[in-house]
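Here the structure comes first, spelled out in structure tokens, and everything after it is commentary.
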Amino acid sequence: MAPIQHFAPPAGIKAPPLSFATRVGDLLFVSGIPGFDDKGTLPDSFEAQFGFVVSNIKRVLDEAGATFRDLVKVNVLLIRASDVATMNALYASAFGPAPYPARTTCVVQALPDPKLLIEIECVASLAASRADQTAPSHAAGLLP
């Protein structure tokens, strides 16, 4: 069985008892990432929180040797249904261009901190980036 690799929260960020991500084999499981800045401060606006969520996910992906193109599944948790349209526009810019990873978006009653407006968790395939580097572009009939 492949060993499990754990990715700690960034230095200075007070986190609950969890890993920011864990890797087993070619899969990277990224915990629900909130919109805290580098100092652990949570901005008031949805747009700012979304931006920090994306930055925090990118940091984890970079550390694991992955990119947004390696994401296969994303779960978005929002506390306000009124943020769905804004989130979709920001998401398209941050996670695009198409094709996008599979995604579930849920509006929940609350997140652990009452100031949290969004949290995103995701799964990345680290095998995909290796395959892209070694396989011809027409492999598996995916491209003409």
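Note: hydrogens, waters and symmetry copies are ignored here, and every other heavy atom, side chains too, is used.
For the atom pair OG of Ser55 and CD1 of Ile33, the computed distance is 11.5 Å after rounding to the nearest 0.5 Å. Here CG of Leu27 is found 7.5 Å from CG of Leu126. Values are rounded to the nearest 0.5 Å. Between the CD atom of Glu119 and the CG atom of Leu77 there is a distance of 5.5 Å, given to the nearest 0.5 Å. Remark: Phe20 CZ to Ile57 CD1 distance equals 10.0 Å, nearest 0.5 Å.
The environment of Asp62 atom CG is dense: over 12 non-hydrogen atoms of other residues, nucleotides or ligands sit within 6.0 angstrom.
Using a 4.5 Å heavy-atom threshold, the side chains of Thr22 and His6 count as touching. Looking only at side-chain heavy atoms (C-beta outward), Val108 and Ile79 come within less than 4.5 Å of each other. Between Leu71 and Val30 the shortest side-chain heavy-atom distance does not fall below 4.5 Å. Using a 4.5 Å heavy-atom threshold, the side chains of Lys73 and Thr104 count as touching. In this structure the side chain of Thr86 never reaches within 4.5 angstrom of the side chain of Phe50, judged on heavy atoms. By the 4.5 Å heavy-atom criterion applied to side chains, Tyr91 and Arg103 are counted as neighbours. The shortest side-chain heavy-atom distance between Asp83 and Ile118 does not fall under the 4.5 Å cut-off. Side-chain atoms of Val74 and Tyr100, non-hydrogen and from C-beta on, never get closer than 4.5 Å to each other.
When all heavy atoms of Leu90 and Phe46 are compared, the closest pair comes out as CD1-CE2, 4.1 Å. The shortest heavy-atom contact between Asp26 and Ala127 is OD2-CB, 3.3 Å. The two residues Gln49 and Asp44 have their closest heavy-atom pair at NE2-O, 4.3 Å. For the residue pair Phe95 and Arg69, the shortest heavy atom distance occurs at O-NH1, 3.7 Å. In terms of heavy-atom proximity, Ser19 sits nearest to Ser31 at O-OG, 2.6 Å. When all heavy atoms of Leu61 and Ala124 are compared, the pair lying nearest together is CD2-CB, 4.1 Å.
Of the possible polar contacts, one joining the Arg23 side chain to the Gly25 backbone as a donor-acceptor pair under 3.5 Å is found. Between the Asn56 side chain and the Pro34 main chain, a donor and an acceptor come within less than 3.5 Å of each other.
Linking Ile, Leu, Val, Met, Phe, Trp and Tyr whenever their side-chain heavy atoms come within less than 4.5 Å leaves Val60 and Phe52 in two separate clusters.
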